[in-house]
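In the text below, chain A, chain B and the rest are named by the order of the sequence lines, each starting its count at 1. This one's a predicted model, so the numbers in the text were calculated from it and none came from an experiment.
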Protein chains: 2
Amino acid sequence: MGSSQKKITDKTRQKQRDALIAALQCFTEHGFEATTIEMIRDASGMSVGSLYHHFGNKEKIASALFREGMRGYARIVKQYATDLMANSPEPGLEQGIKMLVYANVDWISGNPDWARFVFHHRFTVTQSGDEGAFRGDISDFRKMLSSWARFMGVAEFDSLDINFVSSLITGPTHNYARQWLAGRVKTPLSEHREAFAEAAWAAVQGVLIKGSSTS
Amino acid sequence: MGSSQKKITDKTRQKQRDALIAALQCFTEHGFEATTIEMIRDASGMSVGSLYHHFGNKEKIASALFREGMRGYARIVKQYATDLMANSPEPGLEQGIKMLVYANVDWISGNPDWARFVFHHRFTVTQSGDEGAFRGDISDFRKMLSSWARFMGVAEFDSLDINFVSSLITGPTHNYARQWLAGRVKTPLSEHREAFAEAAWAAVQGVLIKGSSTS
DNA sequence: CAAATTATAGAATATTATTCTAGAATTTAA
DNA sequence: TTAAATTCTAGAATAATATTCTATAATTTG
């Protein structure tokens, strides 16, 4: 592919970011379907032409937004991991897993609009347009998990499907988060922070003991 | 509201069902956004006028589809619960919880297109149009869970947020299912059937022991 | 500074959802 | 059985919306 690298200055990058925030507000308020380009134009102050110049089409706006959201998510996970390593010289698998739950709960609680959008578009976006762009972002968490396990010498982990294990860890949190973000449950996700961490650890222990779920 | 009850014959009900199946195929193949009314017209053999006569608009087609999907899901859960009661006179909480996981895994595995659609639209649909219509459907599972717990005299359950507990049980399964349905993981959900059941039980035990997660 | 590139604007166009009108099929009620 | 009422079908007409296009302004590069 002729990757005709356009020069993008910092100022325009910031404008794009602002436009994405405006778009996110629209999506949050009206949903993706219902927001029109016109609405985004209004909210962002950009012209239709500029929006299309920068993003290509509505789908790609969502795509860019998704990637931006994932970057924020990856950032906090990395941060928490770093902190854990700094504070405890020999963190166990339990600490590692709970840390992952905390990072998830905290990011979602602190960035509900981003989280709602990311959850809702993880599916849609991935199968359309510029996939390659965020291939890396998504798997950050997974890679971290497996290197953790390796680092801590949990041999049983190698025989487990990494996707299966991460579902155990984040599944309940994400499931509840979706409900909470959609307003279908009132008790904030954050109130179950500790309980989800405990449950994740218990679940992983459960399969490590039985241990026959090879992939 | 003037509930001007239209008379709906069995034949037309069947036609509607057929149209919904056709719509589901379109959505499965192209995604909701990308499928046009025209496509659904083609696939269903109906005219645009008929489609709008029966469903109202594109969103309502999705809504009807969602409800149809949820009915199928509720049916299998009810079935599994009945079978469990029939086969074991005094089923424990462990059996009950594993049964719920099995029902979920089996329905999703057996109806991937429906599952994909339901997962993707649980959010969208709920916040638009005719909400009341499926208020009941969705909560079937939850109600069953709490009556199970009551039936089995698990007192600790009363102090737990029912939404929290059902996230523990179905969260990992659904999380993995989403990935699998989107083609992002290859190992079929069904291969982890037993492991997810074990994990759910372990997770619930984990919070029951700690038990301080009151709502 | 001049050429080249990138950004902005909004009108023009194309696509798609929705509405509308007329008539066909079916049901209801006598 | 038949006529009125209701429901269904069809596709053209319309409206809403996404996308493209053309022109110009701003910015960067050499």
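For the atom pair CG (L181(B)) and CH2 (W114(B)), the distance works out to 14.5 Å, reported to the nearest 0.5 Å. The CD atom of Q95(B) sits 9.0 Å away from atom OH of Y102(B), with the distance rounded to the nearest 0.5 Å.
Across the protein-nucleic acid pair, H53(A) atom NE2 and dT24(D) atom C1' stand 14 Å apart, rounded to whole Å. In this structure, NE2 of H54(A) is placed 12 Å from P of dT27(D), rounded to the nearest angstrom. Between M46(A) atom CE and dT19(D) atom C1' there is a gap of 17 Å when expressed in whole angstrom units. Atom OH of Y52(A) and atom P of dT19(D) are 4 Å apart (whole Å). As a whole-Å value, the separation of D10(B) CG from dT27(C) P is 10 Å. In this structure, the CD1 atom of I61(B) is 9 Å from the P atom of dA17(C), given to the nearest Å. Note: CD (E59(B)) to C1' (dT18(C)) measures 14 Å, nearest angstrom. Between K11(B) atom NZ and dT7(D) atom P the separation is 15 Å, expressed in whole Å.
The residue among T9(B) and K58(B) whose nearest nucleotide of DNA chain C lies closer to the 5′ end is K58(B). Each of V48(B) and N57(A) was matched to the nucleotide of DNA chain D holding its nearest heavy atom; the match closer to the 5' end belongs to V48(B).
In the set dA10(D), dT19(D), dA7(C), dA7(C) carries the atom at the smallest distance from any side-chain atom of T12(A). For S50(A), counting side-chain heavy atoms from C-beta on, the closest listed nucleotide (dA9(C), dT18(C), dT19(D)) is dA9(C).
Listed pair S47(B) / dT9(D) fails the phosphate criterion, with no side-chain N or O lying under 4.0 Å from OP1 or OP2.
Note on K15(A) versus D18(A): no salt bridge recorded, every NZ/NE/NH1/NH2 to OD/OE distance being 4.0 Å or above.
As judged by a 4.0 angstrom heavy-atom cut-off over every strand, T36(B) is placed among residues touching the sugar-phosphate backbone only.
K60(A) contributes no side-chain N or O that, together with a main-chain N or O of H54(A), makes up a donor-acceptor pair within less than 3.5 Å.
The side-chain tip of R122(A) does not point at the ring of F66(A) from less than 6.0 angstrom away and within 45° of straight on.
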